[in-house]
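Reviewing the structure listed below.
Below, chain A is the first sequence line, B the second, and so on; all start at residue 1. What you see is a predicted model; the values in this text were computed from it and never measured.
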Amino acid sequence: MPEVTERARDLVGRLLHGHGVVARITEVEAYGGIEDPASHAFVRTPRSEIMYGPPWRLYVYRIHGHHAANVVTGPTEQAAAVLIRAGEIVEGIEVARQRRGPVADHALARGPGNFTKALGITSLDLGTDLLEPVPVYLGERVDRPTLVAGPRVGVRLNADAPWRFWAEDDPTVSAYRRHPRA
DNA sequence: GTTTAGATCAACT
DNA sequence: GTTGATCTAAACG
């Protein structure tokens with residue numbers, strides 16, 4: 001199992017600050033870069049170049065008119081990154097509600113698009129150093145939940161790799177959906 | 001050849 | 001009703 005999966009597991013239970021909102025990460029997916037056909041870094045281009053750089057930087061990409069946030073974790077030579085799929089809002093929940101509209105609290109940051117919207121993350125945050133305390137950055141571990149692993153959501157390539165990790169029985173975790181053509 | 005904007009639709013709530 | 005490491009086409013360098 002690639003090293004990136006270990007780093008993905010380490011992110012679950014940690015805090016992520018985003019524009020005045022803080023979320024406890026509950027669900028992530030590991031992307032193995034050059035070893036993973038589903039990764040944007042599988043082909044090295046200017047867009048994916050950031051994943052070939054130093055760890056703890058933010059990679060943001062657009063999808064379906066929304067954004068998705070990734071933490072570049074390394075190992076650098078593998079261009080690995082971890083997609084943040086869901087979290088529980090633990091601070092700034094009023095701001096998150098305002099950004100998301102009338103949805104249940106456990107759904108404020110459930111799903112990649114919703115997560116970035118609740119934390120106000122856009123392509124403007126691309127390349128942010130997540131160790132510097134503004135405006136998007138990683139916080140400390142506040143929880144060490146029981147982790148469950150399974151295949152990633154909605155990926156067509158490498159669809160059976162069990163590189164999705166989430167906190168067991170957590171209501172903020174999104175549901176598994178297999179890609180129709182996978 | 002790459003990147004971005006918009007759209008689509010099966011499976012979710 | 002909502003969502004999304006998909007898909008296509010047009011714009012870019």
Side-chain angles (χ1 to χ4, degrees), chain A residues 1-2 4-5 7-9 11-12 16 23 25-53 55 57-74 78-89 96-128 130 136 148-167 169-182:
Chain A
M1 185 181 296
V4 63
T5 57
R7 310 207 178 179
R9 299 172 72 103
L11 284 173
V12 179
L16 185 66
I25 299 171
T26 58
E27 180 190 1
V28 300
E29 285 177 359
Y31 285 84
I34 58 175
E35 300 179 352
D36 182 7
S39 172
H40 291 168
F42 188 66
V43 178
R44 186 167 186 166
T45 65
R47 181 179 69 150
S48 60
E49 187 66 28
I50 184 174
M51 290 186 271
Y52 289 81
R57 301 248 279 227
L58 189 67
Y59 169 54
V60 180
Y61 69 92
R62 287 187 29 124
I63 184 164
H64 288 73
H66 299 106
H67 297 276
N70 301 251
V71 176
V72 177
T73 60
Q78 292 179 13
V82 174
L83 169 68
I84 310 300
R85 279 198 60 89
E88 177 196 15
I89 306 297
R97 285 187 185 127
Q98 198 166 20
R99 287 174 178 155
R100 288 277 293 123
V103 300
D105 284 353
H106 67 265
L108 283 173
R110 180 172 62 187
N114 293 333
F115 187 91
T116 55
K117 189 172 180 184
L119 270 67
I121 296 174
T122 69
S123 52
L124 296 176
D125 299 305
L126 177 62
T128 295
L130 294 172
V136 181
V148 190
R152 293 170 293 185
V153 174
V155 296
R156 188 173 123 137
L157 280 53
N158 210 357
D160 295 320
W163 292 349
R164 171 173 173 250
F165 305 96
W166 65 95
D169 295 328
D170 194 302
T172 66
V173 173
S174 61
Y176 174 62
R177 293 194 304 218
R178 190 178 179 83
H179 192 283
R181 296 172 60 186

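- Panel note: side chain R152(A), backbone R164(A); no donor-acceptor pair is recorded below 3.5 Å.
- To the nearest 0.5 Å, the span separating OH on Y61(A) from CG on L126(A) amounts to 13.0 Å.
- In this structure, T116(A) and V60(A) have side chains that are not in contact, with every pair of non-hydrogen atoms separated by 4.5 Å or more.
- Looking at R100(A), its side chain does come within 3.5 Å of a backbone N or O of L108(A) through a donor-acceptor pair.
- Taking atom C1' in both dC12(B) and dT8(B), the straight-line distance is 16 Å, to the nearest Å.
- Stems are defined here as 3 or more consecutive Watson-Crick or G-U wobble pairs with pairing distances under 3.5 Å; those involving DNA chain B are B:1-7 with C:6-12, B:9-12 with C:1-4.
- Neither OP1 nor OP2 of dT2(C) sits under 4.0 Å from any side-chain N or O of R100(A).
- With S48(A) contributing its side chain and V43(A) its backbone, the two residues share a donor-acceptor pair below 3.5 Å.
- Bounding nucleotides for the chain A contact on DNA chain B, 5' to 3', at a heavy-atom distance below 4.0 Å, are dT2(B) to dT13(B).
- When all heavy atoms of Y52(A) and A41(A) are compared, the pair lying nearest together is OH-O, 2.6 Å.
- In this model, a donor atom of one side chain and an acceptor atom of the other lie less than 3.5 Å apart for S174(A) and R85(A).
- Going from atom CG of L108(A) over to atom P of dT2(C) covers 15 Å, rounded to whole Å.
- For the OP1/OP2 pair of dC7(C) and a distance below 4.0 Å, the side-chain nitrogens and oxygens of R156(A) include at least one atom meeting the criterion.
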Evaluation steps, side-chain contact (heavy atoms from CB on, under 4.5 Å), between R44(A) and E49(A) = CA-CA 6 Å; R44(A) 186 167 186 166; E49(A) 187 66 28; 2.7 Å; yes
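- The closest donor-acceptor contact from the side chain of Y59(A) to the backbone of R47(A) lies at 3.5 Å or more, if one exists at all.
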Derivation and outcome, side-chain contact (heavy atoms from CB on, under 4.5 Å), residues H106(A) and T172(A) = CA-CA 5 Å; H106(A) 67 265; T172(A) 66; 4.2 Å; yes
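- The shortest side-chain heavy-atom distance between V4(A) and D36(A) does not fall under the 4.5 Å cut-off.
- Shown for residues 174-182 of chain A: residues whose heavy atoms fall under 4.0 angstrom of DNA chain B, namely A175(A), Y176(A), R177(A).
- Across the protein-nucleic acid pair, R164(A) atom CZ and dG4(C) atom P stand 12 Å apart, rounded to whole Å.
- Counting any heavy atom pair closer than 4.0 Å across all strands shown, I63(A) reaches a base atom.
- When rounded to the nearest whole Å, the span between NE2 of H64(A) and P of dT8(C) equals 13 Å.
- The phosphate of dT2(C) has neither OP1 nor OP2 within less than 4.0 Å of any side-chain N or O from N114(A).
- Among the atoms of the strands shown, only primed sugar atoms or phosphate atoms (P, OP1, OP2) are found under 4.0 Å from some heavy atom of R110(A).
- Distance, R62(A) CZ to dA11(C) C1': 14 Å, rounded to whole Å.
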